[in-house]
**Q** 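Could you have a look at this structure, given as structure tokens, before my questions?
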Amino acid sequence: LADTFTPADCDRLLALLVDSDVAVRRAALKLAGQAACPDHWPAVVAAVGDRAVRHAAAGALTAGGEASLPALAATWSATGTADENLSALAMVCGHIGGPEAIQLLLAHSNHPSDSVRLAVLAGLAQAGYVAAPGAPADAVRRQLRQEVEHAAWQLAGLRDSESVTELEYLSHVLNAAFDESRRRLLLLASFVADRDALTQARNVLLPAGEKLGDDARHAYALELLELRLPADLKGLVMPLFEDLSVGDRLQRLGALAAWPRLSPEQCVIVLARGDGYRNRWLHISVLHAVGQLCRPDDELTALLDDAQHSADPIRRETAVWAAARLAAETEAASAPGERQVLSTIEKVIILKDVELFAETPDELLAEIAGLLMEVEVAPGEPVFAKGDVGDSLYVIVSGQVRVHDGGMTINRLGESEVFGEMALLDTETRMAAVTAESETLLLRLDQDAFYELMDTRSEVARGIIRVLSARLRRRVAEVAALRDQVVAHEMSGAA
């Protein structure tokens, strides 16, 4: 039992925390949260970096309460800790709560990473933090003003990139980053205003994992925001939530949004420079936009050179791709007609247009993209035959395929459409054949690789199951409607 642990038991538990078997590590972490073994907390904190056991590690730290905080603080102070891990630790601190956890979070409330800063502020809200009048409240107001300036920088990028085909994906990422900024703003405001009212407004205006509420609820949430925000914050916050165009939002923010209108290329350069904060996926998307739109420039060359030495493999890959585009030295230029392998971000952009993955966050799509295999199929060549064992999904990048049973055509599918998706969840024989009708490029996702991803990223499975369930409901509704038509036809014939 955990409350009767001896030093020898603690040593054995410490060894189990780094066991090669995932199930053993999870069980050891569950016990670690209950055992009074102070030496094991650094190992539990380290386990947060292992996605396979992250949830169990976070649960152990939360169960440990204030006893785990020194190890958490040491990790926060260490250099090189991944943003993803810091975000998880911030939420742990929020669940632990209490003055010590709150002070630890406050020390990092203006972290340069957008994602970590959001997690820290959410942790403070979870811990019930309220800024006392005076210096603490003034610090919140200063940070809120900085967040508004950051949001205005994102809005200026949106204004200057809109309607530019090459920057369509960048605009999508900027929109997502802007929503995160608004989420941080409401969290900060809740520390100096009516917390319950602002939480209620946030849940309506920026719902997590669902569609926006109806117009009446939206209007009520805006009214609630207007009534409950302190007078000195209304002019900062309301323009970012009212139904305004990007240009009108910037105009309402005045001096905080004094960004001159730029050409699309100048806009990309400004975004590449950054504004003091960092957003991993936005920066990767800007690097992609550089390769899509920009011309060689000394400043851009230096920025790309720096990114090519990044420890982040996707950032590095995208910078190499963009630099090659700027220098016009790609293999496609030297060997016309030879198709280039798709980069990770190009695969993400393709997946984003697919219904099955449309609601999956882009950074998770990047992990899925790493599992995809490119498959080229010539006209008339089968992708698979009826009766083959199904163990993979296919996304059509270009070209067209025919779904058929012998000579009978069931369907024709083209760019951004998916087939074989049920094979991700259940290995069964194919109910129809699929054959390419033109030169077709496919991305294949194998079931084994997808299962491995689900072991560490359960949100991917939840998102795909949700889409497949919606599809199934639509099919059931179509069958029911068809049945009603048949019944009505039979009754009219009988009459």
Side-chain angles (χ1 to χ4, degrees), residues 1-109 111 113 115-116 119-120 122-124 126-129 311-313 364 367 448-449 451-461:
L1 297 176
D3 56 358
T4 63
F5 259 44
T6 66
D9 292 328
C10 289
D11 289 343
R12 282 192 286 269
L13 178 58
L14 192 59
L16 293 173
L17 288 172
V18 292
D19 192 88
S20 60
D21 189 301
V22 172
V24 171
R25 295 204 302 278
R26 286 176 181 156
L29 285 164
K30 184 176 181 180
L31 185 57
Q34 307 164 29
C37 299
D39 291 342
H40 69 216
W41 291 121
V44 177
V45 172
V48 171
D50 181 353
R51 288 179 183 164
V53 297
R54 176 172 291 161
H55 182 73
L61 292 167
T62 302
E66 292 185 354
S68 69
L69 288 177
L72 287 168
T75 300
W76 272 102
S77 301
T79 57
T81 305
D83 288 351
E84 186 178 34
N85 297 351
L86 292 178
S87 295
L89 295 178
M91 296 310 299
V92 167
C93 287
H95 287 294
I96 291 173
E100 288 185 48
I102 286 174
Q103 286 305 311
L104 176 56
L105 290 169
L106 284 173
H108 303 283
S109 62
H111 194 278
S113 164
S115 59
V116 173
V120 169
L124 284 167
Q126 175 71 35
Y129 174 65
D312 183 330
L364 286 186
E367 294 187 36
D448 288 347
Y451 277 6
E452 287 179 15
L453 180 64
M454 285 197 296
D455 281 343
T456 58
R457 289 292 201 180
S458 59
E459 58 266 55
V460 174

**Q** From Leu17 CG over to Arg12 CZ, what is the distance, rounded to the nearest 0.5 angstrom?
**A** 13.5 Å

**Q** Could you tell me whether the side chain of Ser109 and the main chain of Leu105 form a donor-acceptor pair under 3.5 Å?
**A**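 No, because the side chain of Ser109 does not come within donor-acceptor range (under 3.5 Å) of the backbone of Leu105.
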
**Q** Taking the side chain as every heavy atom from C-beta outward, state whether Leu29 and Arg26 have any atom pair closer than 4.5 Å.
**A**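 In short, these two side chains do not touch, never coming nearer than 4.5 Å.
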
**Q** Provide the closest heavy-atom pair for Ala101 versus Leu69 in the form atom of the first, atom of the second, distance.
**A** N-CD1, 3.8 Å

**Q** Please check: side-chain N/O of His108 versus main-chain N/O of Val120, any donor-acceptor pairing under 3.5 Å?
**A** no

**Q** If I compare all heavy atoms of Ala71 with all of Trp41, which pair ends up nearest, and what's the gap?
**A** CB-CB, 3.7 Å

**Q** For a side chain to side chain contact (heavy atoms under 4.5 Å, CB included) check, start with the C-alpha distance between Leu72 and Cys93, then their side-chain angles and the critical distance, and finish with the verdict.
**A** CA-CA 8 Å; Leu72 287 168; Cys93 287; 4.0 Å; yes

**Q** With disulfide (SG to SG under 2.5 Å) as the rule and sequence neighbours excluded, what pairs involving residues 27-59 come up?
**A**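 Matches after skipping sequence neighbours: Cys10-Cys37.
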
**Q** Could you report the tightest heavy-atom contact between Leu14 and Asp39, atom names first, then the distance?
**A**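 Heavy atoms of Leu14 and Asp39 come nearest at CD1-O, 4.4 Å.
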
**Q** Do Trp76 and Val116 come within less than 4.5 Å of each other through their side chains, counting heavy atoms only?
**A**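 With C-beta onward as the side chain, the pair touches.
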
**Q** Where do Ala32 and Leu13 come nearest, in terms of heavy atoms and distance?
**A**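 Ala32 and Leu13 have their closest heavy atoms at CA-CD2, 3.9 Å.
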
**Q** Name each donor-acceptor pair under 3.5 Å that joins a side chain in residues 82-92 to protein atoms two or more places apart or in another chain, with its distance.
**A**
{"residue": "Asp83", "atom": "OD1", "partner": "Arg278", "partner atom": "NH2", "Å": "2.8"}
{"residue": "Asp83", "atom": "OD2", "partner": "Ser113", "partner atom": "OG", "Å": "3.2"}
{"residue": "Asp83", "atom": "OD2", "partner": "Arg278", "partner atom": "NE", "Å": "3.3"}
{"residue": "Asp83", "atom": "OD2", "partner": "Arg278", "partner atom": "NH2", "Å": "3.3"}
{"residue": "Glu84", "atom": "OE1", "partner": "Arg51", "partner atom": "NE", "Å": "3.4"}
{"residue": "Glu84", "atom": "OE1", "partner": "Arg51", "partner atom": "NH2", "Å": "3.1"}
{"residue": "Glu84", "atom": "OE2", "partner": "Arg51", "partner atom": "NE", "Å": "3.2"}
{"residue": "Glu84", "atom": "OE2", "partner": "Arg51", "partner atom": "NH2", "Å": "3.1"}
{"residue": "Glu84", "atom": "OE2", "partner": "Arg54", "partner atom": "NH1", "Å": "3.3"}
{"residue": "Glu84", "atom": "OE2", "partner": "Arg457", "partner atom": "NH2", "Å": "2.7"}
{"residue": "Asn85", "atom": "OD1", "partner": "Arg54", "partner atom": "NH2", "Å": "3.0"}
{"residue": "Ser87", "atom": "OG", "partner": "Asp83", "partner atom": "O", "Å": "3.0"}

**Q** When rounded to the nearest 0.5 angstrom, what distance separates CD in Glu100 from CD1 in Ile102?
**A**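 Rounded to the nearest 0.5 Å, the CD-CD1 separation comes out at 11.0 Å.
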
**Q** Could you tell me which residues satisfy ring pair (Phe, Tyr, Trp, His ring centres under 6.0 Å) with His111, sequence neighbours excluded, listed by chain and number?
**A**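 His111 satisfies ring pair (Phe, Tyr, Trp, His ring centres under 6.0 Å) with no other residue.
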
**Q** Please check: side-chain N/O of Asp19 versus main-chain N/O of Leu16, any donor-acceptor pairing under 3.5 Å?
**A**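 Such a contact is absent between Asp19 side chain and Leu16 backbone.
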
